[in-house]
Amino acid sequence: MTGEDLAARRGVETDVYDPAEDSRLLADVACDEVASDDLVLDVGTGSGYVAATVADETGARVLGADLNPHACRRARDAGVEAVRADLVSPFCDGAFDVVTFNPPYLPADAAAARDDWMEVALTGGETGREVVEAFLNDAARVLAPGGYVLLLVSTLTGVEEVATYAGERGFSAVALADHAFPFETLTVLKLVR
Amino acid sequence: MKRDLMDIICCPLDKHDLDLDVESEEDDEVVAGTLTCTDCGETYPIEDGIPNLLPPDMREETPA
């Protein structure tokens, strides 16, 4: 599926990615994993759906970070503590028990290039892994001892490739859940140091 | 933003602590103000309760 198809299917005429199957799968897994006394960061929080759901269901404090100012405002309106940030760059070392991320993961398709906030929300460069890899380069820094990452990965992005890259950054990966759709299978990887 | 966020956030450039300067506050939340790096001196705005901690070179970058 191309970014254009996906954008059309998901009816994205707005500036912010609306929650879809991927968001719901990540939120479901996070609600099972997160403890009430955890401090959680939801990277690329978008509408704030995952952050708000996890906060409501678990009682944990969940921050939402996004590059997109429209997303930050929408997440804040949804009751999420929002921070405008590039991935985890403005967060202290060892700050979080859990970091969740539903990244932009579609391989860029020149024909579907939109040059707007929605493209930023959907595409992860030529491989679909550019944003995920930048995230994995810095994610361990912000994790508390025993902390972990819950990362949504699609077969369109390459689950093995992402797990291998995470391994090279010192993480071991376990697949906690997956869900097959006609054009992709979504998996949530738990990455532990 | 809540004041205790100060324990969680840092300068995105050099990871040093930030100083909070509050311009307005509502219901225990900082609505407007600035965050200044104690090391490099870079300042980051807080607007409508949202701290903008993008590195300065990304702050103006918006898609068409």
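In what follows, every chain begins at residue 1, and chains take the letters A, B, ... in the order their sequences are listed.
Salt-bridge annotation for A:Arg61 and B:Asp4: present, with a side-chain N of the basic residue lying under 4.0 Å from a carboxylate O of the acidic one. The pair A:Arg76-B:Glu29 counts as a salt bridge, with a side-chain nitrogen and a carboxylate oxygen less than 4.0 angstrom apart.
The cluster map of Ile, Leu, Val, Met, Phe, Trp and Tyr, joined by side-chain heavy atoms under 4.5 Å apart, puts B:Leu5 and A:Leu143 in the same cluster. In the hydrophobic cluster analysis, where Ile, Leu, Val, Met, Phe, Trp and Tyr join through side-chain heavy atoms closer than 4.5 angstrom, A:Val34 is grouped together with A:Val192. A:Phe135 and A:Leu176 fall into different hydrophobic clusters, where Ile, Leu, Val, Met, Phe, Trp and Tyr residues are linked whenever their side-chain heavy atoms come under 4.5 Å apart, directly or through other members. Both A:Tyr49 and A:Val188 are members of a single hydrophobic cluster when ILVMFWY side chains are connected at heavy-atom separations under 4.5 Å. When the side chains of ILVMFWY residues are joined at heavy-atom separations under 4.5 Å, either directly or via intervening members, A:Leu39 and A:Val80 end up in two distinct hydrophobic clusters.
Side chains of B:Ile8 and A:Leu41 form no contact here, defined as non-hydrogen atoms less than 4.5 Å apart. Side chains of A:Ser89 and B:Lys15 form a contact here, defined as non-hydrogen atoms less than 4.5 Å apart. In this structure, B:Ile50 and A:Arg73 have side chains that are in contact, with non-hydrogen atoms separated by less than 4.5 Å.
In this structure, chain A has no heavy atom under 4.5 Å from any part of B:Leu18. Heavy atoms of A:Arg141 lying under 4.5 Å from chain B belong exclusively to its side chain. Interface residue B:Asp7: only backbone heavy atoms are found under 4.5 Å from chain A. The part of A:Asp138 that comes within reach of chain B is its side chain, from C-beta onward, which places non-hydrogen atoms under 4.5 angstrom from that chain.
The minimum heavy-atom distance linking B:Pro51 with A:Ala82 is given by the pair CD-O, 3.4 Å. The nearest pair of heavy atoms linking B:Leu53 to A:Pro90 is CB-CB, 3.5 Å.
In terms of non-hydrogen atom pairs under 4.5 Å with chain A, the most contact-rich of B:Leu13, B:Asp17, B:Asp48, B:Ile46 is B:Asp48. For the options B:Cys11, B:Pro12, B:Pro55, heavy-atom pairs under 4.5 Å to chain A are most numerous at B:Pro12. By number of non-hydrogen pairs under 4.5 angstrom with chain B, the leading residue of A:Asp86, A:Leu67, A:Val142, A:Asp93 is A:Asp86.
Heavy-atom contacts from other residues, nucleotides or ligands closer than 6.0 Å to CD of A:Glu160 number 12 or fewer.
Between the CD atom of A:Glu81 and the CE atom of B:Met1 there is a distance of 9.0 Å, given to the nearest 0.5 Å.
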